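Here is the structure we will look at, set down as structure tokens.
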Number of protein chains: 2
Amino acid sequence: MSDRNGSFDGVHRRNLARVLGLVHLEGPLSRARLTALTGLNRSTIAALAGELVDFGLVEERAPDPTNRVGRPSPVVAPHPALVAVAVNPEVDAVTLAAVGLGGRIAARRRIDVDGLVSPEEVARLTADAIDGWRSRELPDARFAGVGLAVPGLVRAADGLVRFAPHLEWRDAPVRAFVEEATGLPAAVGNDASLGAIAEHLFGAGRGVDDLVYLNGGASGIGGGLIVHGRPVGGTSGYAGEFGQNRPGIAASVDRRAEGGVLEDEVSRTRLLEAVGLRSADEPTLAAAIRDALAADGERGAAITDELDRQRRILATALANAVNVLNPSLVILGGFLATLADQEPEALRAAVAAQAMPAAAEDVDLVVAALGEDRLMIGAAEAAFASLLADPLAAAHPATVD
Amino acid sequence: MSDRNGSFDGVHRRNLARVLGLVHLEGPLSRARLTALTGLNRSTIAALAGELVDFGLVEERAPDPTNRVGRPSPVVAPHPALVAVAVNPEVDAVTLAAVGLGGRIAARRRIDVDGLVSPEEVARLTADAIDGWRSRELPDARFAGVGLAVPGLVRAADGLVRFAPHLEWRDAPVRAFVEEATGLPAAVGNDASLGAIAEHLFGAGRGVDDLVYLNGGASGIGGGLIVHGRPVGGTSGYAGEFGQNRPGIAASVDRRAEGGVLEDEVSRTRLLEAVGLRSADEPTLAAAIRDALAADGERGAAITDELDRQRRILATALANAVNVLNPSLVILGGFLATLADQEPEALRAAVAAQAMPAAAEDVDLVVAALGEDRLMIGAAEAAFASLLADPLAAAHPATVD
DNA sequence: CGATATTTGTTGCGCTTGACCCCAAATGGT
DNA sequence: ACCATTTGGGGTCAAGCGCAACAAATATCG
């Protein structure tokens with residue numbers, strides 16, 4: 001009844017996905033607004049919403065009090081019990097969250113680890129977290145799937161982690177481990193790529209169809225692209241590795257690492273060194289930079305020089321990306337946001353000076369908006385992806401009759 | 001009757017477009033093959049094909065003699081009378097062609113010009129060419145539209161040529177001029193972007209969904225991207241300007257232009273200088289390079305050095321693109337193909353050495369396949385685009401009843 | 001406080017489209 | 001010459017969405 005290869009039933013599937021997607025991206029919407037946004041008929045929206053309610057994917061609430069004439073329209077909202085599990089294994093901790101549709105964080109836990117976690121441990125920790133949530137914080141939750149944001153190269157075809165240098169994972173079938181341990185479908189993605197998706201859907205890049213996202217982390221510089229409103233994976237899913245690029249360095253005195261790549265030159269470690277810290281989280285580093293800049297004399301000059309140097313090189317890398325992709329937005333996260341925030345206009349001007357004028361006119365440069373939730377939301381998005389693409393297939397995996 | 005916003009009629013439109021697109025891309029196909037390729041029902045294919053015949057977009061021929069049992073299936077082929085006009089204004093000449101569906105060149109003419117052509121002259125030459133074809137070579141032709149491949153920045157929104165440095169056009173409304181002069185709908189695109197589309201659909205990139213195309217011309221280095229099987233324009237359509245990038249130059253002795261961009265370093269002019277020519281077409285340059293390499297002594301060493309130098313810099317630029325986009329194919333055209341053909345393995349190795357290993361594994365590096373027809377086919381594709389996207393709307397622009 | 005206007009949910013009907021079924025046509029093999 | 005196989009053609013069927021009429025709920029006006 002539900003699986004028909006014909007393109008007819010495809011209309012229905014697409015419309016279901018469209019309604020669910022709108023509720024997911026825009027938040028709770030009245031049926032009236034859904035008719036306006038989709039262009040579908042009122043009766044069609046009613047039928048689609050009813051179907052999604054039957055599947056347990058959304059719920060219909062009493063109308064919001066609107067101070068306008070006319071019959072109020074029921075509000076279609078993501079079902080609060082439906083969540084995805086987001087997992088981000090890092091060198092010092094594994095962060096997990098239960099994320100509802102619309103990017104709502106329902107629960108979160110951070111598990112500090114001694115030494116490096118293995119893929120098997122991540123699977124176990126994920127299963128434990130789900131058990132904990134099931135029995136305590138979220139007794140009614142229905143878990144749609146697991147999404148993992150991994151700091152490394154992830155092969156899109158099968159979710160294999162080809163290489164995660166800091167975790168020291170190599171060809172790790174973490175997806176299979178997690179699916180085995182939890183009994184849920186799992187999706188694996190590169191952390192920066194998933195961050196780009198999160199910023200695109202819920203952050204600084206909302207509604208922008210062509211953007212470049214660059215994130216500066218302790219491990220280096222990763223990124224993600226959105227083209228035609230869709231995340232770019234490339235053939236195998238490795239796209240977005242800006243950190244491994246070799247941008248032009250106009251003044252050779254700016255070069256620190258001979259034969260090095262972007263993330264050797266524009267690096268968090270070098271910023272930490274310049275302010276005399278050994279390690280710090282992002283707010284601490286930003287504060288330390290502010291303090292150092294305020295200090296007169298040699299200390300202030302040293303950090304100013306280093307910030308300027310890194311900005312010059314980053315600007316060339318960004319200009320290259322702007323020339324090739326002509327995006328309307330560049331989003332900077334992590335320490336790159338700190339770098340940009342110190343002298344936003346200087347960075348914009350440096351990019352504009354090195355990019356084609358026409359492309360430079362189009363592009364805006366902003367810092368990321370989502371903060372620490374970014375990876376959780378991005379990972380959840382990966383977990384929800386199949387459901388959002390085809391709610392009917394996901395709700396009725398194989399209806400016999 | 002024909003315009004209904006409902007998603008129902010959308011199925012029909014999509015199916016029509018799918019069938020026409022298949023015949024366009026794959027060449028003449030039997031109805032039986034169309035059913036297999038689309039997954040649609042035989043009766044549906046029959047109806048769709050009949051409709052396209054009625055619109056004059058395709059024709060049905062007697063079945064090809066197939067040495068197989070069973071009733072033979074009529075062949076659906078692009079209608080031979082349906083052509084688009086491709087126009088490529090350049091500094092020395094304006095090249096025009098009448099191109100049928102499937103990339104067939106029905107007629108071609110090259111008009112040498114003294115001095116630079118203006119947009120108005122291009123419009124007039126186009127109208128003249130159409131008149132000539134109508135009255136002589138192609139009396140039965142139906143012209144679907146005009147596509148212009150312009151060596152410059154073209155704003156996608158309205159086809160305005162923002163800046164074409166070698167033609168000395170600035171904010172030239174050439175699309176409007178051509179539409180006025182010919183009475184046909186016109187589309188304008190950047191030459192390299194259209195070349196990328198042509199290579200993707202009919203050349204070295206057939207069936208490849210993620211590719212990077214770089215073309216080396218007299219005016220510099222342009223390019224185009226295909227992502228998710230679709231050409232990437234960016235916000236305004238300026239995407240693909242690799243020539244304006246600043247790639248890393250590992251050895252500072254390799255730098256020729258201080259503060260220069262890729263096309264200042266990797267340049268046709270420098271190759272011509274190295275072989276002692278003032279100007280030459282591509283085969284002549286390639287032959288001159290071969291001769292020079294064969295020569296012993298200083299002359300051979302000089303050209304070897306210059307080729308190696310340009311290849312080193314090009315390799316860095318390609319590696320940057322490979323890191324960011326993880327394409328499965330890089331296509332080189334123009335003098336970049338000549339550069340690659342001299343030492344293909346050296347270039348591949350240099351790219352692989354500078355790109356991420358995982359992304360380098362995925363990518364293949366080839367030279368363009370279409371030669372001088374590339375821009376004509378790409379421009380025709382732009383002219384056919386609206387027809388291919390929605391044959392129904394294009395065939396019945398505004399059916400009153 | 002009641003009547004009216006406005007907006008929207010609900011229900012039944014009709015249109016369009018593509019799938020399915022059965023028969024006819026064309027071809028190769030026996 | 002006959003049969004198996006493949007495919008086109010026409011009629012019928014089911015499904016999905018739009019449309020129109022009616023009902024319900026709310027704000028505004030008198």
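Just so you know, these numbers come straight off a predicted model, no measurement behind them.
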Notebook entry, point to check: Is there a donor-acceptor contact under 3.5 Å from the side chain of B:His228 to the main chain of A:Val232?
Noted result: no
Notebook entry, point to check: Between C:dT17 atom C1' and B:Leu392 atom CG, what is the distance in whole Å?
Noted result: 13 Å
Check: Under the 3.5 Å rule, do the base of D:dC17 and the side chain of A:Ser43 count as making a donor-acceptor pair?
Finding: no
Margin query: B:Glu179: which residues meet the side chain to side chain donor-acceptor pair (under 3.5 Å) condition with it, sequence neighbours left out?
Written below: none
Notebook entry, point to check: Can you tell me how far C1' of C:dT16 sits from CD of B:Glu51, to the nearest Å?
Noted result: 12 Å
Note to self: Just the rounded figure in Å: distance from C1' of D:dG16 to CG of A:Leu16.
What the structure shows: 12 Å
Next item on the list: Rounded to the nearest angstrom, tell me the gap between atom CZ in A:Arg18 and atom P in D:dC17.
Entry: 11 Å
Notebook entry, point to check: When you check the phosphate oxygens OP1 and OP2 of C:dG9, does a side-chain N or O of A:Ser73 lie under 4.0 Å from one of them?
Noted result: yes
Check: Rounded to the Å, how far apart are B:Glu60 CD and D:dT7 C1'?
Finding: 13 Å
Next item on the list: Just jot down the side chain to side chain contact (heavy atoms under 4.5 Å, CB included) partners of B:Pro327, sequence neighbours excluded, or say none.
Entry: B:Val212, B:Val322, B:Leu325, B:Val330, B:Val363
Note to self: I need the CD1-P distance between B:Ile45 and D:dT7, as an integer number of Å.
What the structure shows: 13 Å
Note to self: Whether B:Asn15 contacts C:dT17 is assessed here as follows: a side-chain N or O lying under 4.0 Å from the phosphate OP1 or OP2. Is that the case?
What the structure shows: no
Next item on the list: State whether B:His12 places a side-chain N or O below 4.0 Å from either non-bridging phosphate oxygen (OP1 or OP2) of C:dT16.
Entry: no
Check: Got a sec, which pairs hit ring pair (Phe, Tyr, Trp, His ring centres under 6.0 Å) with one end in residues 14-51 of chain B, sequence neighbours left out?
Finding: B:His24-B:Phe202
Show me the side-chain donor-acceptor pairs of residues 70-82 of chain B shorter than 3.5 Å, one per line, residues at least two apart or across chains.
from, atom 1, to, atom 2, distance (Å)
B:Ser73, OG, B:Arg31, N, 3.3
B:Ser73, OG, B:Ala32, N, 2.9
B:His79, ND1, B:Ala81, N, 3.1

Checklist line | Position toward the 5' end of DNA chain D (nearest nucleotide), B:Arg42 or A:Arg42 | finding: B:Arg42
Next item on the list: Calculate the interatomic distance between B:Asn41 atom CG and D:dA14 atom C1'; express it in whole Å.
Entry: 14 Å
Next item on the list: Quick one: which residue pairs count as a salt bridge (charged side-chain N to carboxylate O under 4.0 Å, His left out) with a foot in residues 99-108 of chain A, not counting sequence neighbours?
Entry: A:Arg108-A:Asp373
Next item on the list: Figure out the CG/C1' separation between A:Leu34 and C:dG9, and round it to whole Å.
Entry: 14 Å
Check: For A:Asn326, does its backbone N or O pair with a side-chain atom of B:Thr235 as donor and acceptor, under 3.5 Å?
Finding: yes
Detail all sub-3.5 Å separations between protein N/O atoms and N/O atoms belonging to nucleotides 26-30 of chain D.
from, atom 1, to, atom 2, distance (Å)
D:dT26, O2, A:Gly70, N, 3.4

